[in-house]
There are 2 protein chains.
Amino acid sequence: MASGISLKELAAELKLAPSTVSRALNDSYEISEATKKKVLNMAEKLNYHANPFARSLRENKSKTIAVIIPERINSFFAQVMDGIEEIAQEHGYHLLVYNTHEDMERERKIVNLLLNGRADAIAMSVTSQTSDNSHLKKLHDRGLPIIFFDRISSEIPTTKFITNDYESAFEATQHLINQNCKKIAFFTLCVDLSISKERQRGFNDAINKAGIALDSSMTLYCGHDEESNVEKIQNLLNSPDRPDGIITSVEKLAFATYHAVKRTNLKMPSDLKLISFSNSSIAGLMNPALTTITQPASLMGSECAKLLIKKLTKPNHYDLLDQVITIPSKITIRESTCQD
Amino acid sequence: MASGISLKELAAELKLAPSTVSRALNDSYEISEATKKKVLNMAEKLNYHANPFARSLRENKSKTIAVIIPERINSFFAQVMDGIEEIAQEHGYHLLVYNTHEDMERERKIVNLLLNGRADAIAMSVTSQTSDNSHLKKLHDRGLPIIFFDRISSEIPTTKFITNDYESAFEATQHLINQNCKKIAFFTLCVDLSISKERQRGFNDAINKAGIALDSSMTLYCGHDEESNVEKIQNLLNSPDRPDGIITSVEKLAFATYHAVKRTNLKMPSDLKLISFSNSSIAGLMNPALTTITQPASLMGSECAKLLIKKLTKPNHYDLLDQVITIPSKITIRESTCQD
DNA sequence: CATAATTTCGAAATCGTTTCCGCATTTTAT
DNA sequence: ATAAAATGCGGAAACGATTTCGAAATTATG
């Protein structure tokens, strides 16, 4: 219905063979400059646009990259996507985007949908629930170039981009210790996630190095329901053994902490200091301004896209090696961790 | 390379004709239950997945909807996208997503890319620079179902979703007046945008109704460069005729205002009250908590998707009428407009 | 039992490209 | 002057699905 003119019709109009027209449009060396010009002009005049599906069918590639993220309302993932899109657009690639909403079952369905070749490659960040990764393995086994960022699946032998999670968490913990925090808590989403583990390891090591006794009650495992997270945090803050410093491993939990603090009599930063992994541009506008560990989101995205496109354009001269590439984060100190 | 088994191969394996297998997979009435079962089993066993491009080519539809937004790091657009995706996934549609970065030239390129039928339909919010809309007209003339949300192009006769921009701005202004503001300013992105006009009209009318003289210096036209916006706002705040109340027509400008205020000696809300159109979930965590006009973003997205899919599935029984559908916003009053 | 009606399936065309192969014609080399 | 190579283009197959048309095989009908 919404289809325009076809190559064959264009060829008929020009009294040329479809093969010739195709070659002319693709700037083939076998076609004279004169006919090329004629074809190009007529194509322009008749508003010819090649049917992408016919081409995809014939060439067995779609010029499309699928991006799968666990949530959209998250400045980190939004920035990654912008980075991916920037490079993709440069190379004429389109982006199919899927949000799993942190739901493993949804992730599995989406991944299975991509098994049919709709996308030439995949860039993704797994769900915090993704323990079983047979669906990812299937994709990889099928030969589909796949790359992970941030939330990686370590069992798939391909290239992964992360930030220096361990070091950042270590540094963040030390920062709190330097700010005179005596009892520091760590809020995280999920134990299974590699980044969670690394961040927690960084936290633990820093605590140990400072000679503080590790207290398991100071590690809070949160879920995806905002309200219940706030309640959990509130309970911890109201307990006699409450922490005086907190590191949250994701943006969302920092916001939940702000909400929880509002429900107590505690004041930040005097009673409680907070630092969080976050890429939110308005961290500096919060009350108090939030000290953040900012991940190189946009760069991670563009690097992912670059490697994928490199693999797609030179399939035989480049492989997505089984490696983890680390791009460091940056800590920005603001009021929420200020010493009075 | 990443391709699996084809229908023909599957048919050969089953010693059936491709046509029979196709019909069996599509649950056609002409095929006996016995063979259907056999086919389904073998398809499962051999991991058969229909090639989407062959199907698209044959059926002249792609089961894909393109979504074009002016920026991604914006909670409103993120929520709209989530709403669209929810409905799209339900109906087996895929989403191609494009970010124009508020750049009209980029918008034109993307729209032209979609002229070839890669997507069955389009949902979009135009750039704040989009004055010439010949590229959009071309799409619509080609018969591609297109729907606008929030930033609409009024010259294209199709369905558009907006919020009650006029009333919300009117109400917001009255709220500031009630809070004792004497000199109220309105910050906006662009004059051409229909929503900007409506919001400004609401603002103007409320000012007039209150018997306040309209002061053109109280309308600030901002751009997309964060820093220069902050400077502009800062200058206004430092002027002797500075406003004591501000309405910003987009989230981004509210954040810029916070930054500008930080560079002055003014205190919110005592010296200056602020209300903004915004869907940010952390408005309540800002310093001071931001009074917001929250748009029904997710609902707008899902409604867009519903109508588009209705049009795509019943092309002859439903048309995207030339109408503007309004879904009201909600005002949430917080500290930034509190009277001491 | 013969004929009609109904199931069930196969052959081939089709969607719009790209590309392999072939064939003139012209240019270059020997 | 003749062979060899290069140039410019057309014909037809191929990609992988769906669908029209028609033909068997089976069942029903009189």
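Chain letters run A, B, ... following the sequence lines, proteins first, then strands; residues in each count from 1.
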Give a yes/no on whether any side-chain N or O of [X] is located under 4.0 angstrom from OP1 or OP2 of [N].
X: B:Thr20; N: C:dG10; result: yes
X: B:Arg55; N: D:dT18; result: yes
X: A:Tyr29; N: D:dC9; result: no
X: B:Ser56; N: D:dA17; result: no
X: B:Ser19; N: C:dA12; result: no

Whole angstrom value for the distance that separates [atom2] of [N] from [atom1] of [X]:
X: B:Ile31; N: D:dA24; atom1: CD1; atom2: P; result: 18 Å
X: A:Lys61; N: C:dT18; atom1: NZ; atom2: P; result: 11 Å
X: A:Leu7; N: C:dT14; atom1: CG; atom2: P; result: 17 Å
X: B:Arg58; N: C:dA12; atom1: CZ; atom2: C1'; result: 11 Å
X: B:Leu25; N: D:dG16; atom1: CG; atom2: C1'; result: 13 Å
X: B:Asn60; N: D:dA17; atom1: CG; atom2: P; result: 18 Å
X: A:Asp27; N: D:dG8; atom1: CG; atom2: C1'; result: 15 Å
X: A:Leu16; N: C:dT18; atom1: CG; atom2: C1'; result: 16 Å

Testing the 3.5 Å rule here: is there a donor-acceptor pair between the side chains of [X] and [Y]?
X: A:Asn99; Y: B:Asp82; value: yes
X: B:Gln79; Y: B:Ser298; value: no
X: A:Ser153; Y: A:Asn133; value: yes

Out of [options], whichever nucleotide has its closest atom nearest the side chain of [X]:
X: A:Glu30; options: D:dC9, D:dA12, C:dC9; result: D:dC9
X: B:Leu57; options: C:dT17, D:dA17, C:dC15; result: C:dC15
X: B:Ser22; options: C:dC21, D:dT19, C:dT17; result: D:dT19
X: B:Asn51; options: D:dA17, C:dT18, D:dT18; result: D:dA17

Please lay out, stage by stage, how B:Ser22 and B:Ser19 fare under the test side chain to side chain donor-acceptor pair (under 3.5 Å). CA-CA 5 Å; B:Ser22 170; B:Ser19 50; over 6 Å; no

Centre of B:Tyr318's six-membered ring, under 6.0 Å away, within 45 degrees of the axis: is that where NZ or CZ of B:Lys311 sits?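 Negative - B:Lys311 is either too far from the ring of B:Tyr318 or too far off its axis.
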
If you take atom types as modelled and just measure distance, does the side chain of B:Arg23 reach the base of D:dT20 with a donor-acceptor pair under 3.5 Å?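 For B:Arg23, whose side chain was compared with the base of D:dT20, there is a donor-acceptor pair (under 3.5 Å).
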
Can you work out whether B:Ser32 or A:His49 has the more 5'-proximal nearest nucleotide on DNA chain C?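 Its nearest nucleotide lies further toward 5', so the answer is B:Ser32.
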
